[in-house]
Each structure stands twice: as C-alpha cells, then as structure tokens.
Amino acid sequence: MTTTTKVILGLVGAAAVGAAVGMLLAPEKGTDLRRNIKDSAGKWSDKLSDMWQNGKKAAEKASSRMQTEM
C-alpha cells in the first residue's frame, strides 16, 4: 500500500468514526438515530464504491497507456 492510499483510507475512516460519534451524541430518538445511521452508511457505501470504480478505471487506463508506449 502506498502512503497516499494509507492517508486516504485514514481520512475516510476518521470521517466515518466522527460521523458515527456525532450521531450517537445527537439528542434524538433511537429509531430516528438508527434510520439516520443506516442512510448515512448507505451513502458512504455508494461513495466508496464510486471512488473504487473510478480508481480502477484510472489504473486500467494508465496500464493501457504504459503498454502502448512500450
């Protein structure tokens, strides 16, 4: 794993933990809190999936360019 990847994963993890702690400390009913956590987790999952796909496409494109240049 490169340093950049580690930094990105660290930031994503820290943001997720911060969001979870913020929700747990917010003064709202348990059912509302659980629904908000579920919605937020789904959004994070979608964003991470999109980031993964974009990174994969970029890596494939870079690999293809390297192969044509050789």
**Asked** Can you list the residues that meet the side chain to side chain donor-acceptor pair (under 3.5 Å) rule with R34, with sequence neighbours excluded?
**Response**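 Result, side chain to side chain donor-acceptor pair (under 3.5 Å) vs R34: none returned.
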
**Prompt:** Out of T5, L11, V12, which residue meets the side chain to side chain contact (heavy atoms under 4.5 Å, CB included) rule with L9?
**Reply:**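 The residue from T5, L11, V12 that satisfies side chain to side chain contact (heavy atoms under 4.5 Å, CB included) with L9 turns out to be T5.
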
**Item:** Shortest non-hydrogen separation from W44 to A15 and the atoms involved
**Value:**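 W44 and A15 have their closest heavy atoms at CH2-CB, 3.5 Å.
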
**Request:** List for me each residue that meets side chain to side chain contact (heavy atoms under 4.5 Å, CB included) alongside S64, sequence neighbours excluded, and say none if there are none.
**Result:**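 In terms of side chain to side chain contact (heavy atoms under 4.5 Å, CB included), with neighbours along the sequence ignored, S64 is linked to no residue.
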
**Request:** Using the side-chain hydrogen bond (donor to acceptor under 3.5 Å, both in side chains) rule, collect all pairs that involve residues 45-56, keeping only residues at least two apart or in two chains.
**Result:**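 Matches after skipping sequence neighbours: none remain.
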
